Amino acid sequence: MKKIIVFLESICLLISLCACGQKQRVGTDQATLIVGVDDSFVPMGFQSDSGRLTGFDIDLAKAVGKKINRKMVFQTIDWSMKETELRNRTIDLIWNGYTKTPERAAKVYFSQPYLRNQQVVVVKQTNKITQLSQLRDKNVGVQSSSTGYEDLMQQPHILKQFIRNQTPIQYDNIQNGMMDLKAGRIQGFLIDRVFAEYYLKHDRSQDRFKILVTPYHSESFAVGLRKDDYRLQKQINQALQQLKKTGQLQKLSYYWFGKDISQ
């Protein structure tokens with residue numbers, strides 16, 4: 001009998017410890033938000049020369065986190081899997097130059113927009129390309145699963161009809177695409193204007209490249225959440241509104257882009 005009592009007491013203690021542990025994990029999760037990022041997307045979220053994650057969206061997410069009393073933990077993800085990562089709850093937010101589109105809105109709950117953007121094509125000055133039609137039968141790159149790729153495929157009359165085999169060369173990240181553009185393996189690279197302007201300025205290669213403005217519609221960056229995160233969406237929206245009202249959002253925009261492109 002004594003052995004049975006000791007055994008039962010041990011079981012009760014184990015259950016109690018497990019319950020406490022579970023409670024601890026829930027409490028930690030409530031205080032922390034996992035933010036999915038592509039750490040090559042200059043200047044939104046990227047690795048600095050020292051290996052530190054930095055960028056406009058990193059700074060903005062941290063500022064919002066302070067407003068809503070949540071710790072932002074950044075996790076590098078495969079950008080083509082971002083919605084899957086969100087749905088599987090391996091991340092809580094998609095926050096890295098994430099364009100709000102009707103197609104994405106069918107799968108993701110969005111915050112209010114906070115930044116304006118546009119798709120552009122970067123070309124070499126030496127190729128003397130001044131308009132999109134001059135990319136006929138030439139290799140053009142784009143990042144996989146990006147808004148640029150969606151625009152390219154959904155509006156073929158703008159650019160897709162001209163490029164070689166009407167098929168873009170896809171890249172996992174923007175840095176690899178720019179390397180191929182520099183090496184001449186592609187003759188044009190369709191990317192976000194925020195990246196193009198920042199990259200060329202800090203790479204000191206503005207005189208070697210030209211930015212072609214495209215007629216694709218302008219875009220709005222927003223935060224992606226799960227469809228059932230209504231409360232969190234409201235908190236993030238209120239924080240963004242406060243940051244805009246106090247001028248902090250505009251200040252971040254001037255710091256990273258040299259101008260105010262906030263919304």
Side-chain angles (χ1 to χ4, degrees), residues 33-64 72-86 90-101 104 108 110-111 113-122 141-152 168-182 186 189-203 205 209 211 214 216 218-225 249 252-253 255-259 261-263:
L33 290 172
I34 308 299
V35 182
V37 300
D38 167 11
D39 65 358
S40 67
F41 190 8
V42 178
M44 307 308 292
F46 63 101
Q47 296 283 346
S48 67
D49 292 338
S50 63
R52 184 175 65 90
L53 189 63
T54 187
F56 175 88
D57 273 337
I58 305 302
D59 288 347
L60 181 59
K62 288 178 180 178
V64 168
M72 298 295 188
V73 177
F74 301 95
Q75 181 171 308
T76 302
I77 60 172
D78 180 344
W79 195 244
S80 66
M81 298 294 290
K82 53 192 175 298
E83 289 86 6
T84 301
E85 297 271 18
L86 184 67
T90 52
I91 62 173
D92 299 305
L93 302 170
I94 303 173
W95 198 335
N96 197 199
Y98 189 41
T99 301
K100 182 177 181 180
T101 67
R104 288 173 174 172
V108 172
F110 278 99
S111 73
Y114 60 84
L115 203 70
R116 295 187 300 274
N117 184 46
Q118 185 181 16
Q119 292 297 315
V120 298
V121 176
V122 181
V142 66
Q143 184 181 20
S144 301
S145 300
S146 65
T147 310
Y149 177 80
E150 293 175 7
D151 285 345
L152 182 75
I169 296 175
Q170 297 186 55
Y171 294 91
D172 290 337
N173 62 65
I174 298 175
Q175 302 286 4
N176 289 340
M178 287 302 298
M179 287 175 60
D180 272 7
L181 182 65
K182 288 180 177 180
I186 60 176
F189 193 30
L190 179 64
I191 53 176
D192 298 274
R193 186 166 196 159
V194 292
F195 174 90
E197 292 181 344
Y198 186 93
Y199 182 92
L200 296 181
K201 178 180 178 180
H202 289 80
D203 191 56
S205 55
F209 294 91
I211 293 176
T214 72
Y216 295 120
S218 60
E219 308 166 357
S220 295
F221 287 161
V223 184
L225 306 91
L249 180 59
L252 279 178
S253 181
Y255 176 82
W256 284 104
F257 310 114
K259 55 186 174 183
I261 56 173
S262 64
Q263 282 186 271

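Fair warning: this is a prediction, and the values are worked out from it, not measured in the lab. Positions are given from 1, in the same order as the sequence printed here.
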Rounded to the nearest 0.5 Å, what separation is found between the [atom1] atom of [X] and the [atom2] atom of [Y]?
X      : Y      : atom1 : atom2 : result
Asn117 : Lys100 : CG    : NZ    : 15.5 Å
Ser146 : Asp38  : OG    : CG    : 10.0 Å
Asn176 : Gln170 : CG    : CD    : 13.5 Å
Arg116 : Ile261 : CZ    : CD1   : 7.0 Å

- Task: Could you tell me which residues satisfy ring pair (Phe, Tyr, Trp, His ring centres under 6.0 Å) with Tyr199, sequence neighbours excluded, listed by chain and number?
- Result: Phe195
- Message: List the residues meeting ring pair (Phe, Tyr, Trp, His ring centres under 6.0 Å) with Phe189, not counting sequence neighbours, and say none if there are none.
- Response: Tyr171
- Which heavy atom of Ile211 sits nearest a heavy atom of Ala196, and at what distance? CD1-CB, 3.9 Å
- For Ile91 against Lys82, the heavy-atom pair lying closest together: CD1-O, 4.0 Å
- Taking Leu152 as the fixed residue, which of Thr214, Thr147, Leu190 is the one that meets the side chain to side chain contact (heavy atoms under 4.5 Å, CB included) rule? Leu190
- Item | Verdict with reasoning, Ser50 to Ser48, per side-chain hydrogen bond (donor to acceptor under 3.5 Å, both in side chains) | CA-CA 5 Å; Ser50 63; Ser48 67; 2.9 Å; yes
- Item | Leu181 and Phe209, any side-chain heavy atoms less than 4.5 Å apart | yes
- Query: What class does the angle between the rings of Phe221 and Phe41 fall in, given that below 30° is parallel, 30 to 60° is tilted and above 60° is perpendicular?
  - Reply: perpendicular
- For the residue pair Trp256 and Tyr198, categorise the inter-ring angle as parallel (less than 30°), tilted (30 to 60°) or perpendicular (more than 60°). tilted
- Message: Could you work out, with side chain to side chain donor-acceptor pair (under 3.5 Å) as the rule, every residue matching Tyr98, not counting sequence neighbours?
- Response: Glu83
- Query: Who are the side-chain contact (heavy atoms from CB on, under 4.5 Å) partners of Leu53, not counting sequence neighbours?
  - Reply: Val37, Asp39, Gln47, Ile58, Phe74
- Please identify each residue that fulfils salt bridge (charged side-chain N to carboxylate O under 4.0 Å, His left out) with Asp172, with sequence neighbours left out. none
- Message: List the residues meeting salt bridge (charged side-chain N to carboxylate O under 4.0 Å, His left out) with Asp59, not counting sequence neighbours, and say none if there are none.
- Response: none
- Message: With a 4.0 Å cut-off on N to O distance, would you call Glu197 and Arg193 a salt bridge?
- Response: yes
